[in-house]
Amino acid sequence: MSLILHIDTATTIGSVCLSKDGQPLQTLVNDKQQDHAASMVLFVQEIMRKQQVTPKDLDAIAVSAGPGSYTGLRVGVATAKGLCYTWEKPLIAISTLQMMAQGVLSRVNDMDAQYCPMLDARRMEVYTAVYDTSLNIVVAPHALVLTPEAFSEQVAAKKTYFFGNGSDKWQQLMPSNPNALFVPYILNAADMVPLATAAYERKAFEDVAYFSPFYLKPFHSTMKK
C-alpha cells in the first residue's frame with residue numbers, strides 16, 4: 001500500500017501526479033518551463049485538495065532526477081526536497097531516461113525490442129541510454145554527440161525504439177534501418193509511478209540533505225564575469 005506524490009520538471013513540460021498502490025489518481029501538466037517554480041507547488045496543492053489527501057496521508061515523494069534541463073531539474077528536486085523536509089517524508093529519485101523508457105514500453109507493449117530515450121542537450125548532443133523490456137540498462141545513461149554510426153550495434157542486434165525531444169535530430173542523421181523505430185513521446189510524471197512504487201517497496205530512498213540531480217555533464221554558464 002502506497003500513496004506517492006510524483007514531480008517531473010526535467011524538460012519544458014512539467015507535471016505532478018498522485019498515485020495510490022501503483023495506479024495514477026490524477027496528473028496535472030504545465031508546458032511553460034518559465035513557470036515551473038510556481039506551478040509545481042500549485043499543482044501539488046490542487047491535486048491534494050481534489051483527491052482529499054493531506055500531507056500525513058502521503059508515504060513518499062518521488063522526483064524525476066535527471067538528466068535534463070539544468071534549471072528544470074533544480075526546480076523539481078528543490079520542490080521535492082522542500083516538501084520532504086516540511087512533511088517528513090522519504091525521497092525517491094527516478095532516472096528521467098528510465099522513466100521515459102517505462103512510458104513508451106507501457107504504450108507500445110513490444111516485449112521483443114530495446115528502448116532508447118533521447119533528451120536534447122543542444123547542438124547535436126543528447127542525453128541517452130538503452131534499456132531492455134525489463135528496464136535493465138543495456139547502455140548506461142550518458143551524454144552523446146550524435147554521428148551516423150551511433151547506436152549501429154544496438155540497431156543491428158534488435159529492434160530499437162527511439163523517442164524523446166532529442167530523437168528528431170537523430171532520425172534525420174541516421175542511415176535508414178528497419179530496426180530503428182521512432183515514436184512520439186512527451187514526459188509525464190505518471191510514467192514515474194511503476195518505478196517509484198517499486199522503489200518505495202524496496203525502501204530505496206535518498207538522503208534528502210545531500211541528494212542532487214543527475215546532470216550527467218557540468219553546467220556551463222554563458223554569462224560574463
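The shown structure was predicted, so the numbers you read here are calculated from the model rather than taken from an experiment. Side-chain atoms are counted along with the backbone in the values below, which use heavy atoms only and exclude waters and symmetry mates.
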Separation of [Y] [atom2] from [X] [atom1] (nearest 0.5 Å):
X	Y	atom1	atom2	result
Met99	Asn188	CE	CG	6.5 Å
Asp120	Glu125	CG	CD	9.5 Å
Gln171	Leu181	CD	CG	10.0 Å
Ile92	Tyr200	CD1	OH	8.0 Å
Met192	Leu195	CE	CG	9.0 Å
Asp8	Met40	CG	CE	8.0 Å

Would you say [X]'s side chain and [Y]'s backbone share a donor-acceptor pair under 3.5 angstrom?
X	Y	value
Thr160	Gln114	no
Gln26	Leu18	no
Ser152	Glu149	yes
Thr86	Leu83	no
Asn109	Ser106	no
Thr96	Gly66	yes
Thr128	Pro117	yes
Lys158	Asp132	no
Ser2	Ile4	no

Indicate yes or no: at least one non-hydrogen side-chain atom of [X] is less than 4.5 angstrom from one of [Y].
X	Y	result
Pro184	Phe163	no
Val16	Thr27	no
Val63	Leu91	yes
Thr79	Val41	yes
Thr71	Arg74	yes
Leu42	Glu46	no
Tyr161	Asp110	yes
Gln23	Val193	no

Residue pair [X] / [Y]: nearest heavy atoms and the distance that separates them:
X	Y	value
Lys89	Ala60	CB-CA, 4.4 Å
Leu216	Pro67	CD1-CG, 3.5 Å
Phe211	Ala93	CZ-CB, 3.4 Å
Ser167	Met118	CA-SD, 3.7 Å
Ala150	Leu144	CB-CD2, 4.1 Å
Ala156	Asn179	O-ND2, 4.2 Å

State yes or no: do [X] and [Y] share one hydrophobic cluster built from I, L, V, M, F, W and Y residues joined by side-chain heavy-atom distances below 4.5 Å, directly or via other members?
X	Y	value
Leu28	Ile7	yes
Trp87	Phe205	no
Met111	Val108	yes
Val104	Met100	yes
Val155	Val183	no

Next on the checklist: Under the criterion side chain to side chain contact (heavy atoms under 4.5 Å, CB included), I'd like the reasoning laid out for Leu97 against Tyr131: C-alpha separation, chi angles, the key distance, then a yes or no.
Outcome noted: CA-CA 9 Å; Leu97 296 172; Tyr131 298 90; 3.7 Å; yes
Item to check | side chain to side chain contact (heavy atoms under 4.5 Å, CB included) partner of Leu187, chosen from Thr9, Asn165, Leu119 | outcome: Leu119
Looking at [X] versus [Y], is the centre-to-centre ring distance below 6.0 Å?
X	Y	result
Tyr185	Phe182	no
Tyr215	Tyr70	yes
Phe162	Tyr115	no

Checklist entry - So Ser19 and His6, side-chain hydrogen bond (donor to acceptor under 3.5 Å, both in side chains) or not? Walk me through it. => result CA-CA 8 Å; Ser19 73; His6 311 260; 2.7 Å; yes
Item to check | Lys81 bridged to Asp207 by N-O distance under 4.0 Å | outcome: no
Checklist entry - Is a salt bridge present between Asp112 and Lys159, judged by a nitrogen-to-oxygen distance below 4.0 Å? => result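 No, no charged N to carboxylate O under 4.0 Å.
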Checklist entry - Can you list the steps and then say if Leu73 with Phe214 is a side chain to side chain contact (heavy atoms under 4.5 Å, CB included)? => result CA-CA 8 Å; Leu73 291 174; Phe214 307 140; over 6 Å; no
Checklist entry - Run the side chain to side chain contact (heavy atoms under 4.5 Å, CB included) check on Ile13 and Val29 step by step: do they pass? => result CA-CA 7 Å; Ile13 307 295; Val29 178; 3.7 Å; yes
Checklist entry - Just wondering, more than 12 heavy atoms not from Lys20 lying within 6.0 Å of its NZ? => result no
Checklist entry - Any chance CG of Leu25 has more than 12 other-residue heavy atoms, nucleotides or ligands included, within less than 6.0 Å? => result yes
Next on the checklist: Is there a side chain to side chain contact (heavy atoms under 4.5 Å, CB included) between Val130 and Phe151? Walk through the geometry before answering.
Outcome noted: CA-CA 9 Å; Val130 178; Phe151 301 105; 4.0 Å; yes
